[in-house]
Amino acid sequence: MIDFFIPASKNSAQVQMASGLSASGDTIQLKSGEAALLPTGQIGSATSVGDSETLNSTGIGAKVAVDDFIRNTTDGSWAWVLTVSTDSITTTKLIGGSDNTWDSSDEWVTGTTFAWLSKKDSSGADTTRELVKVSYIDIATDQVHIETRAVEGTATAFAADDYVSVYISAQFVRELGKGIGEMQNRKADKVDVLLRDGTQAATADLPMGSNKITGLANGVAADDA
């Protein structure tokens, strides 16, 4: 299940830390203006209950855009933004979470990605690397907010002037994730599926290609098979 690793618009960027980061720290302070070089994001919370496709959050219209990848970090679900108004958005149906609903006070984030933290030697080669899952990057404060340390490697301390790097093709991953999300939504909605329990009816003739339907009960009505 793809539920992260979808940067908004930028890729292949490398920036530097303005101060140190402990082995358990979850916020990186970047040098002034450098967050703008990374796939930045937004964070907020639902201000009233919605449903699987409606997120109510005061002021959200100024923070997200159509086609943004958005995560519900409270229940672990994710979706794509379809429409935006001042205080609410509609999304594709939430999938991948515990209840897949935009409940009141649920936290939402955009701009989630992976990043490498690294130390370099005098020649520019990495001497220490740690892959982290980034919840979002705040351009206003030049801060990287980490959701998971040591996705690969060992959590370690970093110092001022150490590096934060993002190396991916944003557009490729964006479209891949969008396609998978659409397939998952169609599966969840049981679209284009003839269900065993009869709750989803056929909408046209069903050619069997010379195959048989076996094990039929005796018909009752004149048009029963």
Side-chain angles (χ1 to χ4, degrees), residues 1-11 13 26-28 35-115 131-148 151 164 166 168-189 191:
M1 177 70 68
I2 291 182
D3 64 347
F4 48 81
F5 205 49
I6 314 290
S9 60
K10 302 170 187 131
N11 58 285
D26 60 7
T27 303
I28 302 170
L37 301 175
L38 299 176
T40 53
Q42 297 284 345
I43 189 170
S45 60
T47 49
S48 64
V49 67
D51 53 34
S52 64
E53 300 172 351
T54 304
L55 167 57
N56 299 315
S57 181
T58 302
I60 193 172
K63 299 178 179 180
V64 304
V66 171
D67 285 341
D68 277 354
F69 179 79
I70 190 166
R71 296 176 55 231
N72 181 333
T73 59
T74 301
D75 84 341
S77 56
W78 56 274
W80 295 90
V81 177
L82 296 177
T83 65
V84 177
S85 58
T86 302
D87 297 320
S88 67
I89 64 171
T90 62
T91 67
T92 56
K93 189 180 293 293
L94 284 171
I95 57 175
S98 57
D99 66 4
N100 299 320
T101 301
W102 291 111
D103 291 320
S104 181
S105 299
D106 279 359
E107 181 185 76
W108 59 264
V109 297
T110 63
T112 303
T113 187
F114 281 147
L131 184 65
V132 298
K133 179 181 174 182
V134 175
S135 178
Y136 73 106
I137 299 168
D138 191 337
I139 194 172
T141 61
D142 282 307
Q143 290 182 334
V144 177
H145 295 265
I146 300 173
E147 185 169 329
T148 306
V151 176
V164 180
V166 176
I168 68 171
S169 172
Q171 185 64 23
F172 172 79
V173 180
R174 178 185 180 88
E175 294 305 317
L176 175 62
K178 189 174 181 179
I180 292 175
E182 177 62 21
M183 287 189 294
Q184 292 288 344
N185 284 333
R186 291 177 70 83
K187 180 179 178 183
D189 290 341
V191 176

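This structure is a prediction, so every number in the text was calculated from the model and none was measured.
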Point to revise | side chain to side chain contact (heavy atoms under 4.5 Å, CB included) between Trp102 and Ile70, intermediate numbers included | key: CA-CA 11 Å; Trp102 291 111; Ile70 190 166; 4.2 Å; yes
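- Remark: side-chain polar atoms of Ser57 are paired, donor with acceptor, to backbone N or O of Ser45 under 3.5 angstrom.
- A donor-acceptor pair is defined here as one N or O able to donate and one able to accept, closer than 3.5 Å; such a pair exists between the side chain of Asn56 and the backbone of Val49.
- The CD1 atom of Ile95 lies 11.0 Å from the OG atom of Ser52; values are rounded to the nearest 0.5 Å.
- With rounding to the nearest 0.5 angstrom, the CG atom of Asp142 is 9.5 Å from the CG atom of Leu38.
- When atom types are taken as modelled, the side chain of Asp75 and the backbone of Asn100 share a donor-acceptor pair closer than 3.5 angstrom.
- In this structure, Phe69 and Trp78 have tilted ring planes: the angle between them lies in the 30° to 60° band.
- Between the side chains of Thr101 and Asp103, no donor-acceptor pair of N or O atoms lies under 3.5 Å.
- In this structure a side-chain-to-backbone donor-acceptor pair under 3.5 Å is present from Thr92 to Trp80.
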Check your understanding: After noting the C-alpha distance and the side-chain angles of Glu107 and Thr73, does the key distance pass the side-chain hydrogen bond (donor to acceptor under 3.5 Å, both in side chains) rule?
Key -> CA-CA 6 Å; Glu107 181 185 76; Thr73 59; 2.5 Å; yes
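- Annotation for Ala79 and Leu94: closest pair CB-CD2, 3.9 Å, computed over non-hydrogen atoms.
- The backbone N or O of Glu53 lies less than 3.5 Å from no partner atom in the side chain of Thr90, so there is not a single donor-acceptor pair.
- With sequence neighbours left out, the salt bridge (Lys or Arg N to Asp or Glu O under 4.0 Å) criterion links Glu147 to Arg71, Lys133.
- The side-chain contact (heavy atoms from CB on, under 4.5 Å) test with Ile60 is passed by exactly one of Asp87, Leu55, Thr86, Thr47: Leu55.
- Pairing each heavy atom of His145 with each of Val134, the nearest pair is O-CG1, 3.4 Å.
- Taking every heavy atom of both residues into account, Val166 and Ala115 meet most closely at CG2-CB, 4.2 Å.
- Among the candidates Ile137, Asp26, Asp138, Thr113, the single residue satisfying the side-chain contact (heavy atoms from CB on, under 4.5 Å) test with Val144 is Ile137.
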